[in-house]
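Each chain gets a letter, A, B and so on, in the order the sequences are listed, and its residues count up from 1. Computed from a predicted model, the values in this text were never measured in an experiment.
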Number of protein chains: 2
Amino acid sequence: MHVTDRLHGDLPERTATDAQQVIADDATLGTSGFGSVGYPKAVPEALADSGRDLDLAVVSGGSVGPEIDAALTDADALERRFPYQSQPELRDAANAGTVHYQDRHVSQVSDDVQYGGLADVETAIVEAVAVGEDWLVPSTSIGHTPALVADAEQVVVEVNRAQPLELQRVHDVYRPGKPPTREPIPLREPSGRMGSPRVEFDADKLAAVVETERPDTPYQFRAPTDTDRTIAVNLARFLESEIDRNPVFESALNLQFGVGSLGNALMSAISEVPVGDRTVTYWGEVIQDGLLDMLDEDVLAAASATSLAFSEDGQERFFADIDDYADDLVVRPADVSNNPTLVDRFGVVAVNSALEVDVYGHVNSTHLNGSRVINGIGGSGDFNRAASVTIVALPSTAKDGEISRVVPMVPHVDHTEHEIDVVITEQGVADVRGTSPRERAETIVEQCAHPDHRPTLSEYLDDAAEETGGHEPHRLDRVFSRTD
Amino acid sequence: MHVTDRLHGDLPERTATDAQQVIADDATLGTSGFGSVGYPKAVPEALADSGRDLDLAVVSGGSVGPEIDAALTDADALERRFPYQSQPELRDAANAGTVHYQDRHVSQVSDDVQYGGLADVETAIVEAVAVGEDWLVPSTSIGHTPALVADAEQVVVEVNRAQPLELQRVHDVYRPGKPPTREPIPLREPSGRMGSPRVEFDADKLAAVVETERPDTPYQFRAPTDTDRTIAVNLARFLESEIDRNPVFESALNLQFGVGSLGNALMSAISEVPVGDRTVTYWGEVIQDGLLDMLDEDVLAAASATSLAFSEDGQERFFADIDDYADDLVVRPADVSNNPTLVDRFGVVAVNSALEVDVYGHVNSTHLNGSRVINGIGGSGDFNRAASVTIVALPSTAKDGEISRVVPMVPHVDHTEHEIDVVITEQGVADVRGTSPRERAETIVEQCAHPDHRPTLSEYLDDAAEETGGHEPHRLDRVFSRTD
C-alpha cells in the first residue's frame, strides 16, 4: 500500500482556476481540514477570486485556514458554515448574522452529513499527499474527509507537494458502519490501528486533481504565562492523587487536552506526575508541539488524533523525523478520534478549557456574554460527556483580573453540571464529584475563584439561598448584573 | 438456570427490624429501584422507624417509592441522595438544601460508583424475586443493582413474594468491563440477549435475607389531554417524513420515549406512522403501559429497558401473561439500557419532554425558574446526546396558557443547542438541523410557540439582534423579566 509517487493512474489534472468551474454557484462544499491544517487552499481561493456570484455552504472537519473562511467571507461567497471556525473574518460574519454558522459536536458531523440531513455535499475538496483514480491519502489532518467524500457527488483533490508523502504512515482511515446495525469500532487500545492510509471513493466522482505546493500556516502558540503554569501544577497535583485512587488508572492513563496555547501548556503537567509504570497515551483531536516533547522524552507512549497542528518549529521537527514518530502516532477520522464510545471505553481523562464556569458547574466554551461566538464547541463536548474524569481548566479571571471567569450563571451553557467533575484554576482544584449544587458552589468559589471576586460571589449565593432558595438558588432578576 | 423456588441454600434469614441493625448510622446505601418499581421496601422502612440517629447516603438506579425517599426524609435520616428522585418529601428537602441531592446522567452512575468516587457503598439493599448464597434475581427493575452490589461491603436482599418469580425470564444482566480495556458491549440488536437473569456476588457479602410480600405502588397515568394528542400527531407527522428520508431508518426504527404521562401518550404516535416492513423496537429506560398495547398489536417487535413501570392495570396484564411477553421484552442494567454507545449504534430516535425550551434550542428538564428542582435529568441526556435524531416534545404553554414554555433563555440548561435536532409542541414541528441560531429562533417561535406568546418572543429577538447583535443575540439585562 505504501506509495512513492504523488499521482497514480489516469487523472483529470486541472489548474485551480479550471477546477473551480466544476462547482455550482450554490454548492455545498465538504472540505478537508482540522485544527487549521490539511485543508485545500488553491481551489477555495480560486473560487473567491473568480468574480462569480456564489452562495456556498461549507462543511469541514474542524477549523481551516484563511484561504477558505477568510477568502470566501470577504468575497461574499459564503452563505452557510458548519461545524467550527476560527478565522476573524468569518467569526465577524457569523456574529453579524450574515453567514449562517452552526457549531456542532465534532464527533457527530460525519453522521449528520451522511444521515442527519445537515448538508447534501455537492463537491468534496480535499487536500492530499497522493491520489489515484479512486483513492487519496490525506495530508496533515483527516477530519470528516471520509464521510464528506462518501456523501459528495464529485471530488476535487489538491495534491500538495509541500506536505510530506510520508504522512501516509500516520493515517488510519476506518469507517464506522451505518446504524442501526453499526458494529462496535474494533479498536482495542488508543494506539491501535484498524484501517489504511487511504480514503476511497467511486472513480467516477473524481472531477479534478490540482497540484499545489503550499505549506499549512503554522500554529502560533503564545508563551505559557505564570497563570498557565500554575494551572498545570494544580492539574498535576490532582492527577497524582486521582491515578492513585481510581482503579481505571491502575495500569494506563489516557488523556485528552483541548486545543490552544493553554492546552499545549497543560500537557506539560503530565511530566510532573509520578505515573510509575503506567502507559500514558494521548487520545484527543489535535496533536500539538507539547506532545512531541513528551513523545521524545518517552513520557508518552503514543498519541492519537485527527490533526497535526504544529508550530513552525514543530512542523520541522515532525517532518524531519516522520518515520520515527509514525510508530507512536496515529491520525484518524474525526468520528473515530472524537467518538464518545471510544472515550468511554478508554477511560479518558478530558482536560478542556472554557471562557467561564459558573458556581454550579455549568460551562461556557463558546459565546462571550451569551451572544458573541468565539470559535465553537469543537470536540470538547465529545470528550467531556464520555470521559472517566472531566476536567475544566481555566484562569480564574480575564482582563488583568478585572473580570471573574467564575460567575453566578454562565450566559451560555455548552457543558452542564451533569458532566463536569473537576474545575481547576490557578487558584486551586475543586473536585465537585458527589456534591449537591450548594456544596459545589461553595467549593468552586473557595477553591477556584480569585480572592478579589470571592466576596461578590458569596454574597450572591447567600442572597439567592435566602431570597429564592431551591436546589440551585438563583436571583434571576440580577444574575447577569455584573457588580464586580 | 430457571428457578422455581424463592430461597436457595443456607441463607441468613432475618426480619426487616433485625436486618436494619447490620447497617451503620452513617452508611452509604446502594438500593435497587428504577422508575419507582423494584426497590426494597421493608428494610428502609425499618431503618426509618428504628428511632436511630442516622445520616445516610442513598444511591439508587433511578426513582424509588415513598418507603425509601419519603420515609427516610421524614425520619431526618437522609443526608445525601443520588442520582434521581421523584418523591415530594425528598424534593422539598433537596430544595431546602437539607438533603444534598445531585442528579446525574443515569448511564454514568454505575461507573461513578465503581470508579468515580461518587459513593463508597457500605450496604446494597436489593429487592429480588429469588436469592441464593451468592446470587439474586432482581424484581421489576434492575437499575444499577449489579454495580451497587459489586461495590458494596455487604448485601441485604428483600425477597418479595408479591413479585412474580417469572420476572427472571425478562432479565438480561451483563456487566460492562473496566476502562481502559473495556470491551464493546456485544449486543447486536436492541432485542438481543447476552447475559443471565442473575446478579452474582461474593457469598460472604450476604448479610441478611428478608422475606416480604408487598406489591410496587403502581404508576398513575393521567389521561392524555388534547394537547398531548396533538403533540403525538405532530410527532407522527415528523417521523413519517423522517423515516422516508433518513437511510438509518431504511429497515428498522429504534425509539426511546421519556418517562411519564406525556411520554406514555406519545408512544401511541407510532401506531399512526406507516412504517412499512420496518422492524420497530423500543430502546429506552422504562417500559410503560403504552408499550404493552403496541406489543399486543404487533406495532412493536420488541422492547428493552431497565424498569417495568406499569399502572395497576398494566401490572395485571403483564403479570398474567409474563411468559408471552418475555419473548419480546428485555430488562437490563441501567448502564446497558442507557448506554450512549448503544444508543449511537442502534441509531435511536430519542423523544423526551422538558419543562421549557428556549428560542435557540437549549432545554431545561429539571429546575423551575432555574432554582427549584423537580425530579432530575434522569436518562434524558444519555439518549439526547447520542441519538440519531433528538426530539424534544412539550406543550407550548403552562398554567392554562398563561406562561410560555418557549422562552428567550432557559434559566437552567440540561441539554444544549448542540444536540437538539427537533422541537415539537401542539403548535407544530421545528426541525432545526443545519440552522444558525437566528434561523433556529425564528423557526422555533413560528412553529412551536403559542400564537399568544409569539409577539413577545419576536420582539425580544428583534430587540436583541438590534441592541446586542452577535451569533446568538441576547439582552442579558432583561432576558429573565417575564413580560408575557
Measure [X] against the heavy atoms of chain A and call it side chain, backbone, both or neither at under 4.5 Å.
{"X": "T468(B)", "value": "side chain"}
{"X": "D111(B)", "value": "side chain"}
{"X": "D421(B)", "value": "side chain"}
{"X": "V413(B)", "value": "both"}
{"X": "R245(B)", "value": "side chain"}
{"X": "D344(B)", "value": "both"}
{"X": "H367(B)", "value": "side chain"}
{"X": "P411(B)", "value": "both"}
{"X": "E183(B)", "value": "both"}
{"X": "H362(B)", "value": "side chain"}

Between [options], who has the most heavy-atom pairs with chain B when the cutoff is under 4.5 Å?
{"options": "D477(A), T181(A), T435(A)", "answer": "T435(A)"}
{"options": "E417(A), Q114(A), R91(A), E242(A)", "answer": "E417(A)"}
{"options": "R188(A), H474(A), R440(A)", "answer": "R188(A)"}
{"options": "Y360(A), F346(A), F249(A)", "answer": "F346(A)"}

Backbone of R475(A) reached by a side-chain donor or acceptor of Y460(A) within 3.5 Å
yes

Does anything in residues 93-103 of chain B reach chain A? List residues with heavy atoms under 4.5 Å apart, or say none.
A94(B), N95(B), A96(B), G97(B), H100(B), Y101(B), Q102(B), D103(B)

H412(B) side, atom NE2; E356(B) side, atom CD - distance, nearest 0.5 Å
11.0 Å

Rounding to 0.5 Å, atoms CD1 (I377(A)) and CG (N384(A)) come to a distance of 8.0 Å

Which of the residues [options] is involved in the greatest number of heavy-atom pairs with chain A at under 4.5 angstrom?
{"options": "N254(B), N246(B), L253(B)", "value": "N246(B)"}
{"options": "R372(B), E189(B), K178(B), R81(B)", "value": "K178(B)"}
{"options": "E439(B), R433(B), Q108(B), R104(B)", "value": "E439(B)"}

Distance only, no hydrogens: is a donor on one side chain within 3.5 Å (strictly under) of an acceptor on the other, for S371(A) and H471(B)?
no

V410(A) vs V363(A), side-chain contact (heavy atoms from CB on, under 4.5 Å): CA-CA, chis, key distance, verdict
CA-CA 7 Å; V410(A) 289; V363(A) 175; over 6 Å; no

Sequence neighbours left out, what pairs pass salt bridge (charged side-chain N to carboxylate O under 4.0 Å, His left out) with at least one residue falling in residues 377-391 of chain B?
D382(A)-R385(B), R385(A)-D382(B)

